[in-house]
Amino acid sequence: MDEITRSRESAAADCIMMHRALDQARLAAAAGEVPVGAVVLGADGIILAEAGNNCVTRSDPSGHAEMVALRLAASAVNNYRLPGVTVYVTLEPCAMCAALMVHARIGRLVFGALDPKAGAIVSKYHIGTDGLLNHRFAVTGEVLADECSGLLRTFFRNRR
């Protein structure tokens, strides 16, 4: 298989997983949460966990979609380290979630919409990619960005 074919297959797989994360984001929105969703895919290609934001419903400031999904994934494999997993999330992670990804030793992050106000992967900081911490992970950004950001825009427009 050549590099171009492998790259196309990877991009298609990223879109499929991001659609699953978007489904979680829609469920979160229906529950009154900010519509962010996440999926954790194991190194073997098996989905370990899926979640949406639940800060409001659980009165938990750490209830970000990727944090909830990583907790569930760690529980599923009975290990706080998650080497080789890929985290799909509809919004660029904040500093709290990016730091968790470093501590969990994830292999790769795929995110949808940029977060120019609080994004800690490329927008404001470069956590997990700048070499300043003890772990680095690969990043693919802006996968289905229009759909991910559109969901957030619609949610906030309807709340105003």
Are [X] and [Y] linked, directly or through other ILVMFWY residues, by side chains that come within less than 4.5 angstrom of each other?
{"X": "V110", "Y": "V87", "result": "no"}
{"X": "V139", "Y": "Y125", "result": "yes"}
{"X": "V89", "Y": "L48", "result": "yes"}
{"X": "L27", "Y": "L152", "result": "no"}
{"X": "V143", "Y": "L91", "result": "no"}

If we ignore hydrogens and angles and just use 3.5 Å, is the side chain of [X] paired with the main-chain N or O of [Y] as donor and acceptor?
{"X": "T154", "Y": "G150", "value": "yes"}
{"X": "D60", "Y": "C55", "value": "no"}
{"X": "H135", "Y": "I106", "value": "yes"}
{"X": "T90", "Y": "A21", "value": "no"}
{"X": "N53", "Y": "A28", "value": "no"}
{"X": "E33", "Y": "T57", "value": "yes"}

What heavy-atom pair brings [X] and [Y] nearest, and what distance separates the two atoms?
{"X": "S123", "Y": "E92", "result": "OG-OE1, 2.6 Å"}
{"X": "H126", "Y": "V122", "result": "CE1-O, 3.4 Å"}
{"X": "D146", "Y": "R153", "result": "O-NH2, 4.5 Å"}

Just verifying a value: how many Å separate [X] [atom1] and [Y] [atom2], rounded to the nearest 0.5 Å?
{"X": "K124", "Y": "D115", "atom1": "NZ", "atom2": "CG", "value": "9.5 Å"}
{"X": "T129", "Y": "L109", "atom1": "OG1", "atom2": "CG", "value": "9.5 Å"}
{"X": "R136", "Y": "D130", "atom1": "CZ", "atom2": "CG", "value": "8.0 Å"}
{"X": "L72", "Y": "I47", "atom1": "CG", "atom2": "CD1", "value": "13.0 Å"}

Taking C-beta and beyond as the side chain, do [X] and [Y] meet within less than 4.5 Å on heavy atoms?
{"X": "F137", "Y": "I121", "value": "yes"}
{"X": "R71", "Y": "M67", "value": "yes"}
{"X": "Y80", "Y": "R105", "value": "no"}
{"X": "M101", "Y": "L70", "value": "yes"}

F155 atom CZ, over 12 foreign heavy atoms within 6.0 Å: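 Yes, CZ of F155 has more than 12 neighbouring heavy atoms, counting only those of other groups under 6.0 Å.
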Within a reach of under 6.0 Å around CZ of R81, are more than 12 heavy atoms found that belong to other residues, nucleotides or ligands?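 Yes, CZ of R81 has more than 12 neighbouring heavy atoms, counting only those of other groups under 6.0 Å.
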Does the pair R26/D23 count as a salt bridge with the N-to-O cut at 4.0 Å? yes
